[in-house]
Protein chains: 2
Amino acid sequence: MYRIGELAKLCEVKTDTLRFYEKHGLLSPLMRTESGYRMYTEEDAERLRFILRAKAVGFTLAEIAELLSIDLDKSNWACADVKGMVDIKLAQVSAKIAELNHFQVSLKRLSDACCGGPESAEHCSILEALESNSAEVKRENHTHQHQNNPNKASCKRKG
Amino acid sequence: MYRIGELAKLCEVKTDTLRFYEKHGLLSPLMRTESGYRMYTEEDAERLRFILRAKAVGFTLAEIAELLSIDLDKSNWACADVKGMVDIKLAQVSAKIAELNHFQVSLKRLSDACCGGPESAEHCSILEALESNSAEVKRENHTHQHQNNPNKASCKRKG
DNA sequence: CTTGACCTTAGATTTAACTCTAAGGTTTAT
DNA sequence: ATAAACCTTAGAGTTAAATCTAAGGTCAAG
């Protein structure tokens, strides 16, 4: 039997989080001491680990609540139901990755076009790309290069 | 000159969004009609497009506000400053992608281990994986296969 | 002159998952 | 017996970016 702080430490979460999970119906200790302290059993700890594992693969708490209720009533559910949830989540995750890949490609293109030097941003390719409609990002061509920093890669490049 | 609804339609955002951007200092039309209607200039429209382009590469509104203020005062900023912001965002995006890739791999593994059929979830590999500590996901081996659905791929696989 | 589409404001609500605060009761170690 | 470390509750705050609501003013057409 664990007190809330003990279970929290054991599973590396905050006590706040355990109370939050209780308030949202994910994990409610069956027992309380006379003075009202929550007492968690090993079974409660297992349930918490289930929650944390499900979180670790990307499920939201609402989805985890559903998974938990299925888990407690397995015989009335089919593999198709469970796999369905996983596959929906997989599709969501893949969609988010696709969006972020888009961001990543665009950001990389912006970053690569900019010299990143001490030159004034007056001709910064990044700002120009954000100002203009074009999908393409133009390389900088600083007409007034700084005399200092001779070791820095020049922003003048062919193209 | 555009009224708020016109600019909103032009740029495919809601009027609420434009008022929200104004409240947060991103886009404030210089003019109002006598009756108080916002009147946006072409310059305002360009500024909105800047905002939308920056959003499209993943910047938050707070970051976009910073980019806009740099853009209005370019000569006092260096390329390094601008590129720095892009590179920080790139790192954040890459980190998020890495996390989601982790989710994706785990979910795929869970999905692949489950037959997804009408079999009872009592021996569902996905639930078992969430219940147990092991990183590995075991394939299902339904001892009581359903007699119907003979066309469905069997959950019995070697391994 | 009235209907409908548009505009104004301030402020509340949404989503997700906590995180924190205040005010107080309990347990344990010294 | 008292201080430290723990626990309780209800409820507010956080983050981001809108989105919605209520109550009302403006404008063009018929």
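All chains are named by letter (A, B, ...) in the order of the sequence lines, taking the proteins before the strands, and each is independently numbered beginning at 1.
In this structure, A:Arg32 places its CZ atom 14 Å from P of C:dT26, rounding to the nearest Å. Rounded to a whole Å, the CZ atom of B:Phe20 is 15 Å from the C1' atom of C:dA10. Taking atom CG of residue A:Asp16 and atom C1' of nucleotide C:dT19, one finds them 6 Å apart after rounding to whole Å. The CG-P distance, from A:Leu18 to C:dA17, rounds to 16 Å in whole Å. For the pair A:Glu6 CD and C:dT26 P, the interatomic distance rounds to 19 Å; values are reported in whole Å. In this entry the distance linking CG of B:Leu7 with P of C:dC7 reads 11 Å, nearest Å. Distance, A:Ile4 CD1 to C:dG25 P: 19 Å, rounded to whole Å. Atom pair A:Leu27:CG and C:dA17:P shows a separation of 16 Å (rounding to whole Å applied).
At a threshold of 4.0 angstrom between heavy atoms, the contacts of A:Arg3 are confined to the sugar-phosphate backbone, with no base atom among them. If you check every strand for non-hydrogen atoms under 4.0 Å, A:Lys55 touches sugar and phosphate atoms only.
Side chains of A:Thr60 and A:Glu63: a donor on one and an acceptor on the other come within 3.5 Å. Looking at A:Tyr2 and A:Glu42, their side chains do bring a donor and an acceptor atom within 3.5 Å of each other. A:Ser120 and A:Glu122 share a side-chain donor-acceptor pair at under 3.5 Å.
By the criterion of side-chain heavy atoms lying less than 4.5 angstrom apart, applied directly or through intervening Ile, Leu, Val, Met, Phe, Trp or Tyr residues, B:Trp77 is grouped together with B:Leu68 in one hydrophobic cluster.
Expressed to the nearest 0.5 Å, how far OG of A:Ser28 lies from CZ of A:Arg47 amounts to 7.5 Å.
Smallest separation of non-hydrogen atoms from A:Asp44 and A:Leu30: OD2-N, 4.1 Å.
Residue-to-nucleotide proximity on DNA chain D shows that, of B:Tyr21 and A:Glu22, the 5′-proximal contact is made by A:Glu22. Map B:Arg19 and B:Lys23 each onto its nearest nucleotide of DNA chain C; the residue landing nearer the 5' end is B:Arg19.
Look at B:Ser35 and you won't find any side-chain N or O under 4.0 angstrom from OP1 or OP2 of C:dC7.
Nucleotides of DNA chain D that come within less than 4.0 Å of any heavy atom of chain B span, from the 5' end to the 3' end, D:dA17 to D:dC27.
With salt bridges taken as basic N to acidic carboxylate O contacts below 4.0 Å, one links A:Glu22 and A:Arg32.
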